[in-house]
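Below is one structure, written out as structure tokens; the observations come after it.
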Amino acid sequence: MKKRVISLLLVAAMTVGLVACGSSSGDGKKSSASSDEKILSVETGPDPETVDPALNSAIDGGEMILHAFEGLLKLDENGDPEAGQAEKWEVSDDGLTLDENGQLKEGQAESWETSEDGLTWTFHLRDGLKWSDGSDLTAEDFVYSWQRVCDPNVAAPYASTVLGMVEGFDEAAAGDIEKLGVEAKDDKTFVVHLANPCPYFESIAAFATLNPVQKATIDANGDAWATAADTYISNGPFYVTEWVPGSYVLMKKNPNYWDADSIKLDGIKFNLIEDANAAYSAYQTGECQMIKDVPTEEIPSLKDSDDFHVEPIIGTYYLSLNLQKEPFNNKQVRQALSLAIDRDYVANTLMQGTYSPAGNLVGPGWKDTDGSDFSENANGGKEYISTTDYDANLQKAKDLLKEAGYADGKGIPKITYSTNDAGYHKVVAEYLQKAWGELGIDVDVEVVEWASFTPMRRNGDYMSSRNGWVGDYSDPSNILELFTTDNGNNDGKYSNPEFDAVIEKSRTTTDAAERSAALHEAEDILMDDAACIPVAYYNDFYLMSDKVTGAWHASNGYWYFMYADITE
């Protein structure tokens, strides 16, 4: 039986009521951050479902994990892997070695591509690594943490994505976690044995799911370790000192972090705000220096402001249909529902140009195996679904429904569409009522609070739903593999043996061109099956004071504040 994750919403209900950014906590106490400390106050979302690195699959929880933890490698400002807890790493057979700056040492292999094997990766940890409680962090901590991700009792949604290429994964995922091909040669040497080469494994080694977690703390506290400040032991540039559900999480600079001298902030206050208007008010009063949830009605007046930013990210706003429920088990019905959406209208009118219309699942910014843009090479260079010829799409949608035996929507039961009430989600939901109404289909909109929304989707307790994915790294496998049969983030419960086979081919081939062809074939299958309905490509829009320097926003949708500063 799977362990139950303790919901932060439950913790909030047992402790305090909801309060706004910068206000006092529910017990009347103020945050302990003193006035002479340099505390960056930001809003990156409401209470996350979880901040356990192994379990999180959302941006809001990931934002906190990013600042509290650090993996073997980390990503720099350009999104490229660089040394993290490991100061150098090696790949077997070709003698490839990187120095502490993540660069190839003189006299070694000229490029990553020259490795003929690449199955054994050796990571050399830095001297004197510590947990935030001052205890030693060793290679054994990485062995424990990676095995824990495979543990079926933990049920990590990313397990197969991040460790499926590691030797012994299938046995580990079945419960024999010690079969996973990882070992600690000594306290400072962590070795990974791959079952097949993985050309993007350095990005995997920088992925938050594989951050180390402290075994003693989890043994003592179980799932609850990641729900309170005193048990949330971490190893990154900051650590949690206060945690008031529904109000804020306060992180202070971690003096035990190996690069603590480079950290300029005394702390970061993550204000847990779900209402965009409350976030905007906090920004206007100076209580927050950065907010990610900007009221959509304010965007026209903010577009020309220097502190308003719109930046593309690698991600797609799509709809999930529960393929285990009628009528979504009918491919033609799924295709019709997709074609009935005017993507240009959604992105440029409803979303006010802050998103871009999506005719593919894999949008701009994802990198093909030769470094080119994956989307430009897809489907012969053409969109799978035209974002400019809506009239033709709508007519084809009606024809497909008729072919499926549902002419004018007759016979199709009322569809319930689930969404959370933030940003443009409710506006899009109301549009879908009209768009699918053009096919003669009745649609009810169900608004679900955020704390319950993602578990609902993951468990399949819905008919149709808002969904989306922002890439954790730029390899397109990161979004395509969501739809493999056994993927923990496969919310639509899509299962196609042909699709699984080409994804497996992309995982095992050592030929870059063959791998590219397999990934493109995988998208061909998904789009033809209408396994999901892509609607728009994500852009992040946010407000950040010009007094905040040294921070950056990455293409994976995260804000990096660890090297930020606040100027007067």
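Computed from a predicted structure; not experimentally measured. Residues: numbered from 1 along the sequence shown.
The backbone N or O of T189 sits less than 3.5 Å from a side-chain atom of D186, completing a donor-acceptor pair. With hydrogens and angles disregarded, a donor-acceptor distance shorter than 3.5 Å links the side chain of D151 to the backbone of N153.
Looking at Q214 and S135, their side chains do bring a donor and an acceptor atom within 3.5 Å of each other. Between the side chains of D187 and T138, not a single donor N or O lies within less than 3.5 Å of an accepting N or O. A donor and an acceptor atom, one from each side chain of R343 and S338, are located under 3.5 Å apart. Side-chain polar atoms of S465 and S418 form no donor-acceptor pair below 3.5 angstrom. A donor-acceptor contact closer than 3.5 angstrom is absent between the side chains of D370 and S516. The closest side-chain donor-acceptor pair between E383 and T387 falls under 3.5 angstrom. Side-chain atoms of W469 and N478 form a donor-acceptor pair, as typed in the model, at a separation below 3.5 Å.
Side-chain atoms of N556 and I313, non-hydrogen and from C-beta on, never get closer than 4.5 Å to each other. At least one side-chain heavy atom of D529 sits under 4.5 Å from a side-chain heavy atom of K331.
In summary, D52 and R148 engage in a salt bridge, as defined by a charged side-chain N under 4.0 Å from a carboxylate O. A salt bridge does not link K179 with D170: every distance from a Lys NZ or Arg NE/NH1/NH2 to an Asp or Glu carboxylate oxygen is 4.0 Å or more. The pair E70-R126 does not meet the salt-bridge criterion, since no charged nitrogen lies less than 4.0 angstrom from a carboxylate oxygen. The pair D540-K292 does not meet the salt-bridge criterion, since no charged nitrogen lies less than 4.0 angstrom from a carboxylate oxygen. At a threshold of 4.0 Å, the pair K188-D127 counts as salt-bridged, since one of the basic side-chain nitrogens sits closer than that to a carboxylate oxygen. A salt bridge does not link K505 to D500: none of the charged nitrogens lies less than 4.0 Å from a carboxylate oxygen.
Ring orientation note: the planes of F69 and Y232 are nearly perpendicular, at an angle over 60° on the 30°/60° scale. Between W121 and F123, the two ring planes are parallel [angle under 30°; tilted spans 30° to 60°]. Under the 30°/60° scheme for interplanar angles, the aromatic rings of Y355 and Y538 are found to be tilted.
Sparse packing is recorded around NZ of K396, with 12 or fewer heavy atoms of other residues, nucleotides or ligands lying under 6.0 Å away. The number of heavy-atom neighbours closer than 6.0 Å to CD of E178, taken from other residues, nucleotides and ligands shown, is 12 or below. For E326, the CD atom is loosely surrounded, since the number of other residues' heavy atoms within 6.0 Å does not exceed 12.
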Problem - From CA spacing to verdict: ring-ring contact (aromatic ring centres under 6.0 Å, His included), Y317, Y537 - result: CA-CA 6 Å; Y317 186 115; Y537 300 130; over 10 Å; no
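Listed by chain and number, the residues in a side chain to side chain contact (heavy atoms under 4.5 Å, CB included) with K367 are S474 (sequence neighbours excluded).
Within the structure, every pair that satisfies the ring pair (Phe, Tyr, Trp, His ring centres under 6.0 Å) test and touches residues 166-190, not counting sequence neighbours, is listed here: F142-F190, W146-F190. Applying the ring pair (Phe, Tyr, Trp, His ring centres under 6.0 Å) test to residues at least two apart or on different chains, the pairs with a partner in residues 359-385 are F374-H520.
For the salt bridge (Lys or Arg N to Asp or Glu O under 4.0 Å) test with D491, the passing option among R457, R466, R458 is R457; the others fail. Under the side-chain hydrogen bond (donor to acceptor under 3.5 Å, both in side chains) test applied with K130, the options D136, N254, N235 reduce to a single match, D136.
The aromatic ring centres of F541 and H553 sit 6.0 Å or more apart. W559 has its ring centre less than 6.0 Å from the ring centre of Y542. Ring-centre distance between F207 and Y158: below the 6.0 Å cut-off.
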